[in-house]
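Each remark here refers to the structure printed beneath this line.
Please read these numbers as outputs of a predicted model, since none were measured by experiment. Order of the sequence lines sets the chain letters (A, B, ...), proteins ahead of strands, with each chain counted from 1. Values below: every heavy atom of this structure, side chains too, minus hydrogens, waters and symmetry copies.
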Number of protein chains: 2
Amino acid sequence: MFSQSEENYIKTIYHLAAISDKGISTNAIAKKLETKASSVTDMIKKLSDKKVLVYKKYQGVTLTDFGKRTAANIIRKHRLWEVFLVQKLNFTWDEVHEVAEQLEHIKSPKLIDELDAFLGYPKSDPHGDPIPDKDGNLPQIQKSLLSTLEKSEKGVCVGVNDTSSEFLRFLDKQEIGLGKNIEVLDKEPFDDSFLVKINGKEMTISNKVANNIYIQKS
Amino acid sequence: MFSQSEENYIKTIYHLAAISDKGISTNAIAKKLETKASSVTDMIKKLSDKKVLVYKKYQGVTLTDFGKRTAANIIRKHRLWEVFLVQKLNFTWDEVHEVAEQLEHIKSPKLIDELDAFLGYPKSDPHGDPIPDKDGNLPQIQKSLLSTLEKSEKGVCVGVNDTSSEFLRFLDKQEIGLGKNIEVLDKEPFDDSFLVKINGKEMTISNKVANNIYIQKS
DNA sequence: AATAATTTTTAGGCAAGACTAAAAATTATT
DNA sequence: AATAATTTTTAGTCTTGCCTAAAAATTATT
Ligand SMILES: [Mn+2]
Ligand SMILES: [Mn+2]
Ligand SMILES: [Mn+2]
Ligand SMILES: [Mn+2]
């Protein structure tokens, strides 16, 4: 059984490992968790003792299979709770993260499986991120950043990269969201912005925004 | 904002104060929380500093109005989560306590009110205990211990005193539960047991059991 | 009223998880 | 290759929440 703090470290390392292919550095973990490198060193020593990860001084860390399964399970809980909050309790997609961050640590063999069933076995969370199954398997959806699309390519919005409240509320304001049809009408070389048509409506989108929207091409 | 540990102390003191009318002793708290008296002394000093309770050395403690409101709010969360677990996630009344013990500490302004609405503003939890409103007001139901009823008195089962899994599963086995009609057919002076009719079925009930069932007389 | 038993508090310590400051190792730059 | 910059670790401290053992206060018993 892991403490809340340990679980937050495990989850963070898992997320960082999904991006980089090398060992995850002390500093990267510290930055994500808004803590100090020295605190991270303490914790990764402990997690190494607990066989969650492999650690050699100055070399960064790598999750073991056990560590990966543990992480996937925490993420499964986090995302199922997010679905619950949005679908049953009228939360918006920019409000759920903070609460799910707490709920993901609730320990109960029965709770999560029943919640999963109650929600109808959802495949993804309100941000389009896939929900791991009980064994930690994560269905990978084929998706591309909007910023990588060429002129006249189109598809459906299936996820976001940045899940901050600010960005999500910005998308709401622009009426951009999961399931929306998006077509690239033109790319502006000057500032790398995009002219797009979203559900019939034309608009200009900055490169920064395009870099945080995932599209499933059609 | 209170820590989980602080919240558990506050809730426990509130429950103890509901029984006794004097100040709550260090030992009573320690016993309920399965901790040591010295730990309790440490904590009540801290809670006294935080204006949750009034403490004079060797005199026991009394919750302030603020402390009572805080306690009622934790209990509100605990009981609403219990309702959720039973009504939505197929938990039985003997399974909910442990999980609710964790869920009651989740901090979210929005979460509990939405949960309350989602559940249809329930008035009591799966054990028949009343759910405090947002201001901490606790509706008091008129109820009597089955053991205090006289021969030929009758009513409806509205609550239990002992909420241990063992007792609740025993009641399930005997098909005794909330909402059941109970009539005292006879009292046996030899062992203070009760001959009762529960939803039409006659059975004998020990004094110990009768001491843990609440009846609303009719 | 004195003594015994019980309760409560104090004193001192420990583990978890954070921090700062300094040392050591690694990586980048000249 | 030597030096500078950066990253990481170590050493030492702090707070929270718990513990044991001993001292102090209260309550019960003779
Ligand atoms: Mn978390
Ligand atoms: Mn999410
Ligand atoms: Mn609790
Ligand atoms: Mn209950």
Side-chain angles (χ1 to χ4, degrees), chain A residues 1-13 16-17 19-63 67 70-71 74 101-102 104-107, chain B residues 1-13 16-17 19-63 67 70-71 74 101-102 104-107:
Chain A
M1 204 67 19
F2 297 101
S3 70
Q4 282 201 203
S5 189
E6 288 171 330
E7 289 190 345
N8 285 336
Y9 273 91
I10 295 168
K11 194 182 58 161
T12 297
I13 293 165
L16 289 169
I19 310 166
S20 143
D21 47 350
K22 290 179 291 188
I24 307 307
S25 75
T26 303
N27 258 2
I29 299 167
K31 196 175 175 186
K32 254 286 181 78
L33 284 171
E34 295 179 90
T35 184
K36 302 291 159 164
S38 55
S39 306
V40 173
T41 302
D42 285 349
M43 182 59 92
I44 61 186
K45 279 178 184 164
K46 187 157 50 127
L47 292 177
S48 176
D49 291 346
K50 292 194 177 186
K51 310 293 182 196
V52 168
L53 46 80
V54 178
Y55 165 59
K56 278 218 198 86
K57 275 188 196 178
Y58 297 98
Q59 306 262 127
V61 298
T62 317
L63 288 179
T70 305
I74 302 162
E101 203 58 45
Q102 301 174 60
E104 70 189 358
H105 304 292
I106 303 291
K107 267 92 176 169
Chain B
M1 205 66 19
F2 296 102
S3 72
Q4 279 201 204
S5 191
E6 288 171 330
E7 288 190 345
N8 285 336
Y9 274 89
I10 294 168
K11 194 182 58 161
T12 298
I13 294 165
L16 289 169
I19 309 165
S20 143
D21 48 350
K22 290 179 291 186
I24 307 307
S25 75
T26 303
N27 258 4
I29 299 167
K31 196 175 176 186
K32 254 286 181 78
L33 283 172
E34 296 178 89
T35 184
K36 301 292 159 160
S38 54
S39 305
V40 173
T41 303
D42 284 350
M43 182 60 92
I44 60 184
K45 279 178 185 167
K46 188 157 50 126
L47 292 177
S48 176
D49 290 345
K50 292 193 178 187
K51 310 293 181 195
V52 168
L53 46 79
V54 177
Y55 165 61
K56 276 217 199 86
K57 276 189 195 176
Y58 297 98
Q59 307 262 127
V61 299
T62 317
L63 289 179
T70 305
I74 300 163
E101 204 57 46
Q102 301 175 59
E104 70 189 357
H105 303 293
I106 302 292
K107 267 93 176 170

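- With rounding to the nearest 0.5 Å, the separation of NZ in K56(A) from OG1 in T62(A) is 9.5 Å.
- Between the CG atom of D42(B) and the P atom of dT20(D) there is a distance of 13 Å, rounded to whole Å.
- Taken residue by residue, residues 23-35 of chain A places heavy atoms nearer than 4.0 Å to DNA chain D at S25(A), T26(A), N27(A).
- For the residue pair A37(A) and N27(A), the shortest heavy atom distance occurs at CB-OD1, 3.7 Å.
- In terms of phosphate contacts, K57(A) brings a side-chain nitrogen or oxygen within less than 4.0 Å of OP1 or OP2 of dT10(D).
- Among residues two or more places apart in sequence or in another chain, the salt bridge (Lys or Arg N to Asp or Glu O under 4.0 Å) test is passed with K107(A) by E7(A).
- Going from atom CD1 of I44(B) over to atom P of dC18(D) covers 13 Å, rounded to whole Å.
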Here DNA chain C, pairs taken as Watson-Crick or G-U under 3.5 Å and shown with ( ), [ ] when crossing and | when to another strand, reads ||||||||||||||||||||||||||||||
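- Separation of atoms CD (Q4(B)) and CD (E104(B)) is listed at 8.0 Å; rounding is to 0.5 Å.
- Within the nucleic acid shown, T41(A) comes within 4.0 Å of at least one base atom, counting heavy atoms only.
- Under 4.0 angstrom from either OP1 or OP2 of dT20(C) there lies at least one side-chain N or O belonging to K36(A).
- Rounded to whole angstrom, the span from the CD atom of Q59(B) across to the C1' atom of dT8(C) amounts to 11 Å.
- Between Y55(B) and dT8(C), a side-chain N or O to OP1/OP2 separation shorter than 4.0 Å is absent.
- With values rounded to the nearest 0.5 angstrom, D49(A) atom CG is found 11.0 Å from Y55(A) atom OH.
- Of all non-hydrogen atoms in L33(B) and N8(B), the two that sit nearest each other are CD2-O, 4.1 Å.
- In this structure, Y9(B) reaches the dC18(D) phosphate: one of its side-chain N or O atoms is under 4.0 Å from OP1 or OP2.
- Atom OG1 of T12(A) sits about 14.0 Å away from atom NZ of K31(A), to the nearest 0.5 Å.
- Below the 3.5 angstrom threshold, one finds a donor paired with an acceptor across the side chain of S38(B) and the base of dT20(D).
- Atom CD1 in I44(B) sits 7.0 Å away from atom CG in L53(B) (nearest 0.5 Å).
- Separating the CD atom of Q4(B) from the C1' atom of dA16(C) is a distance of 15 Å, rounded to the nearest angstrom.
- In this structure, the CE atom of M43(A) is 15 Å from the P atom of dT9(D), given to the nearest Å.
- OP1 or OP2 of dT10(D) sits under 4.0 Å from a side-chain N or O of K45(A).
- Nearest heavy-atom pair across E101(B) and K11(B) is OE2-NZ, 2.6 Å.
- Listed pair Y58(A) / dT10(D) fails the phosphate criterion, with no side-chain N or O lying under 4.0 Å from OP1 or OP2.
- In this entry the distance linking NZ of K56(B) with C1' of dT7(C) reads 19 Å, nearest Å.
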